[in-house]
Student: 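Input: one structure, supplied below.
Naming convention: chains lettered A, B, ... in sequence-line order (proteins, then strands); numbering from 1 in each chain. Values below: every heavy atom of this structure, side chains too, minus hydrogens, waters and symmetry copies.
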Amino acid sequence: MSLHQEFRDNVQTIISRLVEKGALPEGLATNAVSVEPPRDSSHGDLSTNAAMVLAKPAKMKPRDIADLIKPELESLASVASVEIAGPGFINIRLEPGVWEDELRKAITLGVNYGDSKLGGGEKINVEFVSANPTGPMHVGHCRGAVFGDVLANMLAKAGFDVTREYYVNDAGGQITVLAKSALLRYREALGESIGEIPEGLYPGDYLVPVGQLLKSEHGAALGEKPESEQLEIVSTVATDAMLDLIREDLDALGITFDTFSSETSLHARKSIDSALAALNERGLIYEGILEPPKGKKPDDWEPREQTLFRSSQFGDDTDRPLKKSDGTWTYFAADIAYHDDKIKRGFSKMIDVWGADHGGYVKRMKAAVNAISNGDAELDVKLCQMVKLMRAGEPVKMSKRSGDFVTLREVVDEVGRDVVRFIMLTRKNDAPLDFDFAHVVEQTKDNPVFYVQYAHARVRSVMRKAAAEMPELDLSSSALAAAPVSLLEHSGERVLLAKIGDWPRSVEAAATSHEPHRIAFYLAELAAAFHAQWNQGTDDPNLRFLDAKNPDLSHARLALIQGVASVIASGLNLMGVTPVEEMR
RNA sequence: GCACCCGUAGCUCAGUUGGAUAGAGCGCUGGCCUCCGAAGCCAGAGGUCACAGGUUCGAAUCCUGUCGGGUGCGCCA
């Protein structure tokens with residue numbers, strides 16, 4: 001549990017005690033009570049809004065409530081002093097030992113510092129990537145992949161039972177196109193001259209090996225079967241091959257999944273029929289005609305009776321079709337069955353990570369989940385905006401038609417996995433992101449990857465120097481955890497202590513808000529505070545981490561920066577980035 | 001036409017789920033290395049949080065409307 005969480009509990013206990021004593025009225029809701037570090041650190045270590053939040057329901061003045069809470073807080077062992085400020089903030093100054101205990105935890109627990117039980121072991125499903133198995137992954141998939149992976153890491157750290165899931169869209173038109181394209185490559189492998197790949201088929205070279213595979217497995221025999229049978233065989237072979245490609249790409253990014261769910265298997269298991277039958281029983285499905293969208297009427301619009309889902313009853317703008325005109329299910333119908341399947345597998349919490357171009361799909365999916373679960377299941381959809389590839393300030397041109405789009409692999413090969421992963425989280429998901437090949441590998445302060453890695457490397461470097469120059473100091477974790485850290489009195493050192501102690505809360509906040517980018521920003525702030533302290537030593541040698549004349553203080557400072565390194569390692573670990581020992 | 005996302009310093013962006021005097025990097029201005037930690041450091045200027053209303057102790061944050069940008073809009077997935 002984070003320090004802040006602990007204090008929130010303390011405050012709530014105090015409130016209920018005051019209610020028992022009759023000092024506060026009964027039935028107060030305390031959900032809105034929060035304990036946070038104040039924006040301005042001169043206000044203290046922690047701040048709670050309890051008095052202001054309770055003022056209205058209790059029909060009392062905030063300051064009066066604060067006066068009641070203040071002595072109770074002061075009686076806590078870890079509290080040094082309490083002040084009431086502004087409109088009713090209760091500012092808490094902690095005993096210095098509290099932050100020092102946090103530092104000891106960081107040193108002792110290492111990358112596990114910040115683990116929490118917030119999730120209470122609850123199952124949660126994170127579905128991400130889910131790129132169509134029709135070719136290798138391109139950069140567009142990259143952001144969602146990293147986002148989903150880190151989100152899953154964060155939720156696991158916060159105590160949820162996380163399942164990472166990939167939905168394989170191995171049914172539908174694009175798979176037929178894939179099969180036809182592969183079949184062409186098969187004929188090519190047999191020696192036939194195929195010329196230009198026709199418009200509408202996938203032109204990429206990555207299908208050449210699939211053609212050769214088909215040849216080695218079937219010889220010339222495949223071509224003699226009826227076309228429908230050919231396509232069926234080739235579909236499976238080609239999708240499997242494409243999934244292998246995708247798995248290799250994911251591997252290059254360091255991403256693995258617990259589950260691959262197949263759309264085809266939903267069809268095969270009649271999951272769609274059963275999911276929709278349940279909706280039908282509740283009168284949520286009907287035959288009807290949709291209005292054309294106003295102001296943007298398609299040229300070939302004609303009124304048509306379709307099987308529709310009453311998603312407008314659940315907050316969607318209009319009802320949505322479940323069947324195509326040829327009688328087969330729409331993608332949406334399959335997706336309802338898919339989410340129904342997740343719910344049946346025990347997930348009442350689900351997160352889908354999609355590209356921003358699917359934004360128009362969010363409401364209907366949430367509506368569907370709401371309907372099939374009777375409101376019991378919760379779906380959060382995170383949309384990742386576009387990544388704009390740049391090279392020295394110029395946009396990189398991509399033409400999907402000619403098949404020469406930039407693949408994920410090319411990007412990873414050029415700048416490295418760690419850089420890609422980190423940069424993808426330097427913007428919140430719903431903001432577009434510029435990815436400049438030149439900029440992301442620059443070794444300057446405005447490159448957060450470098451800045452954070454550099455901080456970690458600097459700590460390691462100081463540790464190596466300490467081992468060489470002050471051999472009398474024991475640098476093991478247990479010895480550092482026992483260092484006399486109360487000697488750390490410089491304001492910059494106290495700032496670092498507080499920042500380290502804020503890590504568990506930051507992880508919890510990022511996990512509950514489903515916002516992985518907060519980890520990257522936290523790390524950049526921690527690194528900045530660390531570099532600032534390092535720089536203090538440039539002006540004033542007394543502030544350097546190592547002082548041969550003062551081994552005790554040196555030991556304490558080494559403990560401090562070991563804590564910094566632990567937290568950075570913990571954060572980078574969440575982001576799937578390897579902390580470096582030295583800069584090269 | 002409708003829906004969703006966005007609009008914060010000259011630029012690129014954060015902003016702890018409604019908190020106190022709105023922050024960072026770059027850029028700009030001014031300081032700091034013949035030497036011990038300068039791939040730099042310190043300080044400063046720079047804001048009507050797009051605009052107008054509303055909700056309340058309190059709004060960049062929530063609601064309504066307007067303007068501007070992006071994404072999408074019955075059989076694709």
Side-chain angles (χ1 to χ4, degrees), chain A residues 4 32 34 36-40 43 47 49 51-53 55-56 61-63 85-89 91 130-132 134 167 169 171-175 177 263 289-298 300-304 306 308 316-321 323-332 334-335 355-363 381 383 385-386 426-434 439 442-448 450-451 454 458 461-462 465 502 505-506 508-510 512-513 515 517-518 520-522 524-525 528 531-532 534-539 541 544-546 583:
Chain A
H4 306 81
S34 69
E36 285 163 5
R39 289 228 164 107
D40 186 341
H43 289 135
S47 175
N49 61 357
M52 291 177 291
V53 180
K56 194 169 186 187
K61 287 180 187 163
R63 308 268 321 191
F89 286 101
N91 292 327
S130 301
N132 291 342
T134 55
Y167 183 44
N169 298 131
Q174 88 281 3
I175 295 299
V177 174
E263 184 184 355
I289 298 170
L290 284 176
E291 295 285 310
K294 283 177 182 143
K296 200 231 164 203
K297 189 170 171 175
D300 57 348
W301 177 271
E302 48 188 73
R304 183 172 35 239
Q306 291 176 289
L308 301 171
D316 201 357
D317 310 309
T318 174
D319 295 339
R320 304 291 179 179
K323 276 187 181 173
K324 304 181 203 167
S325 54
D326 64 3
T328 59
W329 298 116
T330 58
Y331 181 81
F332 179 47
D335 223 355
D357 53 341
H358 287 61
Y361 201 77
V362 174
K363 277 190 184 175
V381 180
L383 298 178
Q385 271 290 349
M386 309 268 296
T426 53
R427 291 281 178 277
K428 55 184 175 203
N429 57 291
D430 47 17
L433 168 68
D434 284 357
H439 180 65
E442 258 173 25
Q443 300 204 330
T444 61
K445 190 166 65 168
D446 61 321
N447 180 1
F450 167 77
Y451 203 54
Y454 190 25
R458 265 185 161 170
S461 152
V462 174
K465 202 174 168 193
D502 196 33
R505 190 192 64 89
S506 300
E508 288 181 349
T512 48
S513 61
E515 289 183 336
H517 75 277
R518 292 194 191 191
F521 281 91
Y522 170 90
E525 284 169 19
H531 289 305
W534 171 290
N535 291 325
Q536 291 285 324
T538 312
D539 295 335
R544 294 188 183 180
F545 301 130
L546 290 182
M583 303 308 291

Student: If we only count heavy atoms from C-beta on, is the A:Trp301 to A:Pro293 side-chain gap below 4.5 Å?
Tutor: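 Of all side-chain heavy-atom pairs linking A:Pro293 with A:Trp301, at least one is under 4.5 Å.
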
Student: Taking side chain as C-beta onward, heavy atoms only, is A:Ser34 less than 4.5 Å from A:His4?
Tutor: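 A side-chain contact is absent here, since even the closest heavy-atom pair is not under 4.5 Å.
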
Student: Rounding to a whole Å, what distance do you find between A:Arg427:CZ and B:rG7:C1'?
Tutor: 15 Å

Student: Considering every strand and a 4.0 Å limit on heavy-atom distances, what is the contact class for A:Thr512: base, sugar-phosphate, or nothing?
Tutor: base

Student: If I pick the C1' atom on B:rG15 and the same atom on B:rG53, what distance separates them, to the nearest angstrom?
Tutor: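 That atom pair is separated by 25 Å.
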
Student: By the 4.0 Å heavy-atom rule, please label A:Lys61 as base, sugar-phosphate, or nothing.
Tutor: nothing

Student: Separation of A:Asp430 atom CG from B:rG7 atom C1', in whole Å?
Tutor: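 So the two atoms are 13 Å apart, to the nearest Å.
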
Student: Between protein and nucleotides 70-77 of chain B, what N or O pairs are separated by less than 3.5 Å?
Tutor:
from: B:rU71; atom 1: O2'; to: A:Ala356; atom 2: O; distance (Å): 3.2
from: B:rG74; atom 1: O6; to: A:Asp300; atom 2: O; distance (Å): 3.4
from: B:rG74; atom 1: O6; to: A:Glu302; atom 2: N; distance (Å): 3.3
from: B:rG74; atom 1: N1; to: A:Glu302; atom 2: O; distance (Å): 2.7
from: B:rG74; atom 1: N1; to: A:Arg304; atom 2: NH2; distance (Å): 2.9
from: B:rG74; atom 1: N2; to: A:Glu302; atom 2: O; distance (Å): 2.9
from: B:rG74; atom 1: N2; to: A:Arg304; atom 2: N; distance (Å): 3.1
from: B:rG74; atom 1: N2; to: A:Arg304; atom 2: NE; distance (Å): 3.4
from: B:rG74; atom 1: N2; to: A:Arg304; atom 2: NH2; distance (Å): 3.4
from: B:rG74; atom 1: N3; to: A:Arg304; atom 2: NH2; distance (Å): 3.3
from: B:rC75; atom 1: O2; to: A:Ser325; atom 2: N; distance (Å): 3.0
from: B:rC75; atom 1: O2; to: A:Ser325; atom 2: OG; distance (Å): 2.1
from: B:rC75; atom 1: N3; to: A:Ser325; atom 2: OG; distance (Å): 2.9
from: B:rC75; atom 1: N4; to: A:Arg304; atom 2: NH1; distance (Å): 3.2
from: B:rA77; atom 1: OP1; to: A:Gly173; atom 2: N; distance (Å): 3.1
from: B:rA77; atom 1: OP1; to: A:Lys324; atom 2: NZ; distance (Å): 3.2
from: B:rA77; atom 1: O3'; to: A:Gln174; atom 2: NE2; distance (Å): 3.3
from: B:rA77; atom 1: O2'; to: A:Asn132; atom 2: OD1; distance (Å): 3.0
from: B:rA77; atom 1: O2'; to: A:Asn132; atom 2: ND2; distance (Å): 3.0

Student: Given atom CD of A:Glu515 and atom P of B:rU61, what is their separation to the nearest angstrom?
Tutor: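 Rounding to the nearest Å, CD of A:Glu515 and P of B:rU61 are 17 Å apart.
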
Student: Using the ring pair (Phe, Tyr, Trp, His ring centres under 6.0 Å) criterion, which residues pair with A:His531? Sequence neighbours excluded.
Tutor: A:Tyr451, A:Tyr454

Student: Between P on B:rG58 and CE on A:Met52, what's the gap in Å once rounded to a whole number?
Tutor: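 Atom CE in A:Met52 sits about 12 Å away from atom P in B:rG58.
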
Student: Can a cation-pi geometry be assigned to A:Lys323 and A:Trp329, taking NZ or CZ under 6.0 Å from the six-membered ring centre and within 45° of the ring axis?
Tutor: yes

Student: After noting the C-alpha distance and the side-chain angles of A:Glu291 and A:Thr318, does the key distance pass the side-chain contact (heavy atoms from CB on, under 4.5 Å) rule?
Tutor: CA-CA 9 Å; A:Glu291 295 285 310; A:Thr318 174; over 6 Å; no

Student: Please report the distance separating the C1' of B:rA50 from the corresponding atom of B:rC5, rounded so that it comes out in whole Å.
Tutor: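 So the two C1' atoms sit 16 Å from each other.
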
Student: Output the single nucleotide from B:rC5, B:rA3, B:rG15 whose closest atom is nearest the side chain of A:Lys363.
Tutor: B:rA3

Student: What closest approach, in Å, do A:Tyr167 and A:Asp335 show between heavy atoms, and which atom pair accounts for it?
Tutor: CE2-OD1, 3.9 Å

Student: Using atom NE2 of A:His439 as one end and atom P of B:rA39 as the other, report the distance to the nearest whole Å.
Tutor: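 Spelled out: NE2 on A:His439 to P on B:rA39 is 19 Å.
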
Student: What is the distance, rounded to the nearest whole Å, between atom CG of A:Asp317 and atom P of B:rC5?
Tutor: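 One finds 11 Å between P of B:rC5 and CG of A:Asp317, rounded.
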
Student: For the P atoms, the ones on B:rG54 and on B:rU61, what distance do you get once it is rounded to whole angstrom?
Tutor: 14 Å

Student: Between C1' on B:rC33 and CG on A:Asn535, what's the gap in Å once rounded to a whole number?
Tutor: 14 Å

Student: For A:Asp317 and A:Lys363, which heavy atoms make the closest approach, and how far apart are they?
Tutor: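 Looks like OD1-NZ, 2.9 Å.
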
Student: For A:Gln443, which residues count as a side-chain hydrogen bond (donor to acceptor under 3.5 Å, both in side chains) partner, sequence neighbours excluded?
Tutor: none

Student: Please report, rounded to the nearest Å, how far the C1' atom of B:rC13 is from the CG atom of A:Leu433.
Tutor: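 Roughly 11 Å, once rounded to whole Å.
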
Student: Which is more 5' along RNA chain B, the nucleotide nearest A:Leu383 or the one nearest A:Leu546? Just name the residue.
Tutor: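 Per heavy-atom nearest nucleotide, the more 5' residue is A:Leu383.
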
Student: State, to 0.1 Å, how close A:Gly537 and A:Arg544 come at their nearest heavy-atom pair, and which atoms those are.
Tutor: O-NE, 2.8 Å

Student: Work out which heavy atom in A:Gln174 is nearest to a heavy atom in A:Asn169; give both atom names and the distance.
Tutor: NE2-O, 2.8 Å

Student: So which atom in A:Leu383 and which in A:Gly355 form the shortest heavy-atom distance, rounded to 0.1 Å?
Tutor: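 Nearest pair, atom of A:Leu383 first, then A:Gly355: CD2-O, 3.7 Å.
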
Student: Treat a base pair as Watson-Crick or G-U wobble with both distances under 3.5 Å, then lay out RNA chain B in dot-bracket form, 5' to 3', with | for cross-strand pairs.
Tutor: (((((((..((((.....[...)))).(((((.......))))).....(((((..]....))))))))))))....

Student: Which part of the nucleic acid, if any, lies within reach of A:Tyr454 when heavy atoms closer than 4.0 Å are counted: base, sugar-phosphate only, or nothing?
Tutor: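 Base contact.
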
Student: Checking one value: the base orientation of B:rC67, syn if chi is within 90 degrees of 0, otherwise anti.
Tutor: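 The base of B:rC67 is oriented anti (glycosidic angle more than 90° from 0).
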
Student: Ignoring backbone atoms, test whether A:Lys428 places a side-chain nitrogen or oxygen under 4.0 Å from the OP1 or OP2 oxygen of B:rC5.
Tutor: no

Student: Closest nucleotide of RNA chain B for A:Thr444 versus for A:Arg518: which of these residues is on the 5' side?
Tutor: A:Arg518

Student: Excluding sequence neighbours, so at least two apart, what forms side chain to side chain contact (heavy atoms under 4.5 Å, CB included) with A:Val53?
Tutor: A:Ala32, A:Asn49

Student: Closest heavy-atom contact between A:Ala51 and A:Pro62?
Tutor: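 Heavy atoms only, the tightest pair is CB-O, 3.3 Å.
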
Student: Which pairs, protein N/O on one side and nucleotides 20-27 of chain B N/O on the other, fall under 3.5 Å?
Tutor:
from: B:rA20; atom 1: OP1; to: A:Arg39; atom 2: NH1; distance (Å): 3.4
from: B:rA20; atom 1: OP2; to: A:Arg39; atom 2: NH1; distance (Å): 2.6
from: B:rA20; atom 1: N6; to: A:Ser47; atom 2: OG; distance (Å): 2.9
from: B:rA20; atom 1: N6; to: A:Asn91; atom 2: OD1; distance (Å): 2.6
from: B:rA20; atom 1: N1; to: A:Asn91; atom 2: OD1; distance (Å): 3.4
from: B:rA20; atom 1: N1; to: A:Asn91; atom 2: ND2; distance (Å): 3.0

